[in-house]
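Notes follow once the structure below has been shown.
Position 1 is the first residue of the sequence, and the numbers go up from there. Remember, predicted model here, so these are calculated numbers, not experimental data.
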Amino acid sequence: MRITEDDFLLRVHELWNSIWDGVFRLNSRLRRELEGEGFRVGDVEPMFNGYVKLGGRWRMMKYPFPGFEVSPGMEVGATLQGYYFVVAVPVERLKRELVESFLSLPGEQFIYGAVNFLRDFYEPSAGLEEDLDSVLVKIRTSGEDVVQMESDFKTPEELESSLLRFIPVCRKFGVFRT
């Protein structure tokens, strides 16, 4: 069966509406959950200059996608692939237990540089077979002061429960200290 241009555009329209709606609902729920815990949950805004991993490569999105900041040190949003959160982690606070906890979350995890954000230190295709100690050595010898730990999910609900599970681990290791 061949899809018409109108059908294709309608599907894209419905997908973007669903994505934006999911981010607005997630923003509202996280605001209720986190603002009493010392976090500031920003408003949903169109984000620009993001990257999405497609076909094994990071590709720039020249179009806006929904996201918001959770201060200190986090971003939450969605791309065509699904919902994501990113936690900025100072390299000096990056411990094996923190990384193991992060990698045990459901979803798909990436660890990449903050300055050189196209450099992956860990990506799902490498799998857990890659020696975690060698990942930590690559990070510590990279010259990066901060790494980005990103976790991607299919639903806002998966993201919310995983983020709420990961925040206490981040607190334990002082990730959010300024």
Side-chain angles (χ1 to χ4, degrees), residues 1-89 101-114 117-118 120-128 147-170 175-176:
M1 181 174 143
R2 188 174 171 158
I3 186 169
T4 68
E5 183 178 345
D6 280 349
D7 288 338
F8 174 75
L9 293 174
L10 180 60
R11 288 181 187 180
V12 170
H13 169 78
E14 289 171 348
L15 174 63
W16 274 122
N17 275 345
S18 172
I19 288 170
W20 279 85
D21 180 61
V23 171
F24 279 116
R25 285 185 290 115
L26 188 55
N27 178 269
S28 178
R29 288 194 309 263
L30 288 176
R31 184 169 277 139
R32 282 192 306 271
E33 290 280 339
L34 296 176
E35 288 202 332
E37 301 291 320
F39 293 94
R40 187 182 100 30
V41 178
D43 293 334
V44 175
E45 298 179 355
M47 309 286 275
F48 293 91
N49 300 318
Y51 284 77
V52 64
K53 195 147 202 172
L54 298 171
R57 289 186 21 216
W58 287 108
R59 298 170 192 267
M60 184 178 190
M61 296 180 287
K62 295 181 180 179
Y63 48 85
F65 54 99
F68 57 94
E69 192 175 325
V70 179
S71 297
M74 294 182 281
E75 177 181 296
V76 175
T79 68
L80 291 172
Q81 287 183 304
Y83 299 86
Y84 70 87
F85 73 75
V86 178
V87 178
V89 180
S101 177
F102 175 71
L103 295 178
S104 74
L105 295 173
E108 200 171 32
Q109 287 75 32
F110 300 91
I111 302 173
Y112 49 87
F117 53 87
L118 294 178
D120 289 323
F121 296 112
Y122 177 85
E123 63 174 300
S125 64
L128 289 174
V147 291
Q148 308 288 347
M149 297 175 79
E150 177 179 331
S151 197
D152 296 356
F153 305 90
K154 295 297 178 199
T155 70
E157 293 77 21
E158 290 174 320
L159 183 151
E160 179 182 9
S161 66
S162 294
L163 181 60
L164 295 176
R165 182 176 130 198
F166 189 55
I167 284 174
V169 178
C170 290
V175 169
F176 303 124

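Between the side chain of Glu37 and the backbone N or O of Glu33 there is no donor-acceptor pair closer than 3.5 Å. Remark: the backbone N or O of Val41 is paired with a side-chain donor or acceptor of Glu35 at under 3.5 angstrom. For Glu45 (side chain) and Gly42 (main-chain N/O), no donor-acceptor pair under 3.5 Å exists by modelled atom type. Judged by distance alone, the side chain of Gln81 and the main-chain N or O of Lys53 form a donor-acceptor pair under 3.5 Å. Between the Ser161 side chain and the Glu158 main chain, a donor and an acceptor come within less than 3.5 Å of each other. Side-chain N or O atoms of Arg59 include none that pairs as donor or acceptor with a backbone N or O of Val52 at under 3.5 Å.
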| field | Worked check of side chain to side chain contact (heavy atoms under 4.5 Å, CB included) between Leu30 and Phe68 | value | CA-CA 11 Å; Leu30 288 176; Phe68 57 94; 3.9 Å; yes
| task | Determine, stepwise, if the pair Arg31 / Arg40 fulfils side chain to side chain contact (heavy atoms under 4.5 Å, CB included). | result | CA-CA 8 Å; Arg31 184 169 277 139; Arg40 187 182 100 30; 5.8 Å; no
| query | Could you walk me through whether Leu26 and Val76 pass the side chain to side chain contact (heavy atoms under 4.5 Å, CB included) check? | reply | CA-CA 9 Å; Leu26 188 55; Val76 175; 3.6 Å; yes
| message | Run Met74 and Leu163 through side chain to side chain contact (heavy atoms under 4.5 Å, CB included) and show every step you take. | response | CA-CA 10 Å; Met74 294 182 281; Leu163 181 60; 3.8 Å; yes
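Not less than 6.0 angstrom separates the ring centroid of Phe48 from the ring centroid of Tyr63.
Heavy-atom minimum distance, Ser101 versus Val169: OG-CG2, 3.4 Å. When every heavy atom of Leu105 is checked against every heavy atom of Ser162, the shortest pair comes out as CD2-O, 3.8 Å. Of all heavy-atom pairs between Arg165 and Ser104, the closest is NH2-OG, 3.2 Å.
No hydrogens or angles considered: nothing links the side chains of Gln109 and Tyr122 as a donor-acceptor pair under 3.5 Å. With hydrogens and angles left out, the side-chain atoms of Glu160 and Tyr83 include no donor and acceptor closer than 3.5 Å. A donor-acceptor contact under 3.5 angstrom links the side chains of Arg32 and Ser28, judged on distance only.
In this structure the side chain of Phe39 reaches within 4.5 angstrom of the side chain of Pro72, judged on heavy atoms. Between Phe110 and Val86 there is no side-chain heavy-atom pair separated by less than 4.5 Å. The side-chain heavy atoms of Thr4 and Asp7, taken from C-beta on, include a pair separated by under 4.5 Å. Side-chain contact between Val89 and Ile111 is absent, with no heavy atoms from C-beta onward closer than 4.5 Å. Between Glu157 and Arg29, the closest side-chain pair of non-hydrogen atoms falls below 4.5 Å.
When the ring pair (Phe, Tyr, Trp, His ring centres under 6.0 Å) test is applied to Phe85, the partners found at least two apart in sequence or on another chain are Phe153.
Between the CG atom of Leu54 and the OG1 atom of Thr79 there is a distance of 8.0 Å, given to the nearest 0.5 Å. Between the CD atom of Glu108 and the CG atom of Leu103 there is a distance of 12.0 Å, given to the nearest 0.5 Å.
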Under 3.5 Å, which donor-acceptor pairs do the side chains of residues 16-23 form with other protein atoms, sequence neighbours left out?
residue : atom : partner : partner atom : Å
Asn17   : ND2  : His13   : NE2          : 3.1
Asp21   : OD2  : Arg25   : NE           : 3.1

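Looking at Tyr51, Trp58, Phe121 one by one, the single match for ring-ring contact (aromatic ring centres under 6.0 Å, His included) with Tyr112 turns out to be Trp58.
Looking at Arg11 and Asp6, no side-chain N of the basic residue comes within less than 4.0 Å of a carboxylate O on the acidic one, giving no salt bridge.
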